[in-house]
2 protein chains.
Amino acid sequence: MPKAANTGKKAAKPAKQTTAKATADFTPEAGRRVTSYDVARYAGVSQSAVSRCFKEGGSVSPKTRDKIMKAVRKLGYQPNAIARGLITRRSNMVAVIIANLRFYPETLAYLTSGLNASGNHVLLFSLDHESEVDRIIDQIWQYGVDGVIAGAHLSKKQIELFDQRKIPLVFINRLYRDIAANSVCCDQVEGERILVDRLVAAGHRSFAVVTGPSDSVVSQQRISGAVERLADLGINDVRVIEGEYDYDSGRRALRELADGAGGLPQAVVCANDMMAIGCMDEARHQLGLRVPEDLSVVGFDGVMQAAWSSYDLVTVRQPMQNMVEAAVSMLLSRIERPDLAPEKRMFSGEIVEGCSARLGTSR
Amino acid sequence: MPKAANTGKKAAKPAKQTTAKATADFTPEAGRRVTSYDVARYAGVSQSAVSRCFKEGGSVSPKTRDKIMKAVRKLGYQPNAIARGLITRRSNMVAVIIANLRFYPETLAYLTSGLNASGNHVLLFSLDHESEVDRIIDQIWQYGVDGVIAGAHLSKKQIELFDQRKIPLVFINRLYRDIAANSVCCDQVEGERILVDRLVAAGHRSFAVVTGPSDSVVSQQRISGAVERLADLGINDVRVIEGEYDYDSGRRALRELADGAGGLPQAVVCANDMMAIGCMDEARHQLGLRVPEDLSVVGFDGVMQAAWSSYDLVTVRQPMQNMVEAAVSMLLSRIERPDLAPEKRMFSGEIVEGCSARLGTSR
DNA sequence: TGAGCTATTGCATTCGAATGCAATATTAGG
DNA sequence: CCTAATATTGCATTCGAATGCAATAGCTCA
């Protein structure tokens, strides 16, 4: 039995000390969490020794370490990350802000495992609309996260705030031309331009584009990429329909096109895959059209559903796993070295040549 | 200009004090986070006053509150949740353990907003396989979360650990018959039995069931619900194929059935919707079968994709939003009152009468 | 055996906010 | 204008782990 070491906290109140000795043990009061002091008392060492046991390269003799670890196992001690964070100023938590979670679950899955692999944890903030960001910025700050990964749009002022407060921030798929912010993106404009080029080369002459919600910058980029490229190519028959990124709004968009004056275009360019899928379903099952023979539909993202053989969507696949890995490593290196200069990494999307659009000779 | 109040910490080192006075201000050192002491100094009050300003019903005069809030805004102060958590023993964080995140993104979205609404935050642990739980249990403990919501299987020992440590734990869709654990479930067995009843009533006599991964208890429940009910009804022509919950394994399962001896069954019962969708696609696009005329396919879950008109899946819709709300409120009330008795809430699933299976007269 | 090192150990303090208690300030009542 | 009651305020301590520094133990080598 270990001897009761005289290592109560500082000048612990005599009463307390006595009580501890009276009950002659080291079992923490029921319901209270086991602390490093409990372990120290049980093992007959000081609290600092216990602390050092949990520190890489901490100076502890094998004999002491052994005693301590035995006590740790016996009492079921786990260091308190909250208390540790207070003194080390490292919470090992990363805030993840993500909009449209329901459409892009893979992104979050990749993020979580990437961050966990390096001993970090994810404090999740999910937004239904990008414009809700305000609500959560303060909370992020309060939790003292070590860094932030954002898949949502922040205002210039908000970005500057993170900069002032020296909290590393990395965006995924949000590019800021005039702000020196870290980001990992897929080139939305390039991808959309190539996609449009292919459609035009294959003979399409009348178009419709279906946008995402108006507060989505990604949607704006994709749409303007498409519209501008079409204009470059001298095509002016372009209708614009507003969507909301989801399946239903894709269906609605196609219905609107069918009902509207001028009839259906030859190709529908959607700001994401979900809406493209909605368009296809509406076209095939409500309007009795053949896709791609009567109508070409293309999307953007390369979500798993796009590859399902009912759709086999022509789309631009974002290399999301690479992008997430890049974002995580970009963030982690900035947590280690806050002085690193801001950096932007841009990946190219890959055209997926499915069967939802006539793409001409190449297939 | 507010006068520098003499409220440095305790017997602050004279040197430090002097420095502060020399620079004649209250601006915290660059890069350091603004603390309640900084605010107090700037506003000429004590740190406790600042703290009380942020406490519901804290005793502060309007005049003082005003001064303090002005300082708060000026310095951009945000209370440090970590430090607060240390003393209050409330982190306002809830751990969410979720397996198969990529298949059930809605669940997480509902959870996040439900918890945020009550001022709680989500510390996310996502698992690729349920069996990885061990890895994260310790970490949850270290972060001192106020409670846990689990959409994954824990061992009896692990559940008891949470109980001992008085951390409320609520399961979603994991039912433990012989353990008094909190849970909110959809009745998997009942749903599957009703589904099977309908299929048999509509004349199906040969079946295949496609399971989920072997470590998924939910899959086991669904499958045994189906298999046992079929046995009850005197149907023994039931093949069992192992799947992995994803689209590809659904396709693979159907191929296996088609290639195997005995040819295709009349109905394929899948442990979830994703696999059912895979089955349908494989049947229609690879094997040229008509669904439901040549083959009936049913799933379980009621995910959004199941309702897409290309599939229009017959399935059991779990009232996931209700379930999540119930789980959140169950957890929150146990955080407030840890003595509440364990409780199980069971919701019934709703049969969705789609067109992927012949269901007979009712449609 | 003893001087000179190095490896362990413990002490005391720190991180930032919350809070019981005592000391003031304010107000009401007479 | 004074007393009693109430409302504000500040002081000092607490939460649990980490860490600089000083003290001690243990070891090497002459």
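Each chain gets a letter, A, B and so on, in the order its sequence line appears, and its residues count up from 1. The analysis underlying the following values was restricted to heavy atoms, covering all of them including side chains, and did not include hydrogens, waters or symmetry mates.
A donor-acceptor contact closer than 3.5 angstrom is absent between the side chains of Ser48(A) and Ser51(A). A donor-acceptor pair shorter than 3.5 Å cannot be found between the side chains of Asn116(B) and Gln139(A).
For the helix from dT1(C)-dA30(D) to dG30(C)-dC1(D), the terminal axes (five pairs an end, C1' atoms, rotation from four pairs onto the next four) enclose an angle of 30°, given to 10 degrees.
One can place CZ of Arg41(A) at 17 Å from C1' of dG10(C), the figure rounded to the nearest angstrom. Note: CZ (Arg65(A)) to C1' (dA7(C)) measures 13 Å, nearest angstrom. Atom CD1 in Ile68(A) sits roughly 12 Å away from atom C1' in dG10(C) (whole-Å rounding). Rounded to an integer number of Å, the gap from CZ of Arg89(B) to P of dG16(D) is 4 Å.
Judged by distance alone, the side chain of Ser91(B) and the main-chain N or O of Gly144(B) form a donor-acceptor pair under 3.5 Å. Side chain of Tyr176(B) to main chain of Leu154(B): a donor-acceptor pair is present (N/O by atom type, distance under 3.5 Å, no hydrogens or angles). Under the 3.5 Å distance criterion, the side-chain polar atoms of Asn182(B) are matched with a main-chain donor or acceptor of Glu343(B). Side-chain N or O atoms of Glu132(A) include one that pairs as donor or acceptor with a backbone N or O of His129(A) at under 3.5 Å. At least one donor-acceptor pair under 3.5 Å links the side chain of Arg334(A) to the backbone N or O of Ala341(A).
Residues from residues 136-148 of chain A with heavy atoms under 4.0 angstrom of DNA chain D: there are none.
Taking Arg84(B) as the reference, Phe54(B), Pro79(B), Thr88(B) meet the side-chain contact (heavy atoms from CB on, under 4.5 Å) condition, with sequence neighbours excluded. Scanning for salt bridge (Lys or Arg N to Asp or Glu O under 4.0 Å) contacts around Glu325(B) gives an empty result, with sequence neighbours left out.
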Quick test: give all pairs of protein nitrogen or oxygen and nucleotides 6-8 of chain D nitrogen or oxygen below 3.5 Å, distance rounded to 0.1 Å.
| unit_1 | atom_1 | unit_2 | atom_2 | d |
| --- | --- | --- | --- | --- |
| dT8(D) | O3' | Ser61(B) | OG | 3.4 |

Nucleotide N/O to protein N/O under 3.5 Å, stretch nucleotides 18-21 of chain D:
| unit_1 | atom_1 | unit_2 | atom_2 | d |
| --- | --- | --- | --- | --- |
| dA18(D) | OP1 | Arg84(A) | NE | 2.4 |
| dA18(D) | OP1 | Arg84(A) | NH2 | 3.0 |
| dA18(D) | OP2 | Ser51(A) | OG | 2.8 |
| dA18(D) | N7 | Gln47(A) | NE2 | 3.2 |
| dA18(D) | N6 | Gln47(A) | OE1 | 3.2 |
| dT19(D) | OP2 | Lys55(A) | NZ | 3.1 |

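Checked against the 6.0 Å centroid criterion, the rings of His153(B) and Phe171(B) do not qualify as a close aromatic pair.
In this structure, Arg90(A) does not reach the dC15(C) phosphate: none of its side-chain N or O atoms is under 4.0 Å from OP1 or OP2. One finds no side-chain N or O of Thr35(B) lying less than 4.0 angstrom from the OP1 or OP2 phosphate oxygen of dG16(C).
Partner Asn120(B) forms a side chain to side chain contact (heavy atoms under 4.5 Å, CB included) with one of Asp146(B), Val145(B), Thr112(B) and no other, that one being Asp146(B).
Toward the 5' end of DNA chain C, the nearer of the two residues Asn80(B) and Lys63(B), judged by each one's closest nucleotide, is Asn80(B).
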Between Lys63(B) and Asp66(B), does a salt bridge (charged side-chain N to carboxylate O under 4.0 Å, His left out) hold up when you go through it step by step?
CA-CA 5 Å; Lys63(B) 223 177 60 184; Asp66(B) 204 60; over 6 Å; no
Evaluation steps, salt bridge (charged side-chain N to carboxylate O under 4.0 Å, His left out), between Glu160(A) and Lys166(A)
CA-CA 10 Å; Glu160(A) 280 166 358; Lys166(A) 306 243 183 300; over 6 Å; no
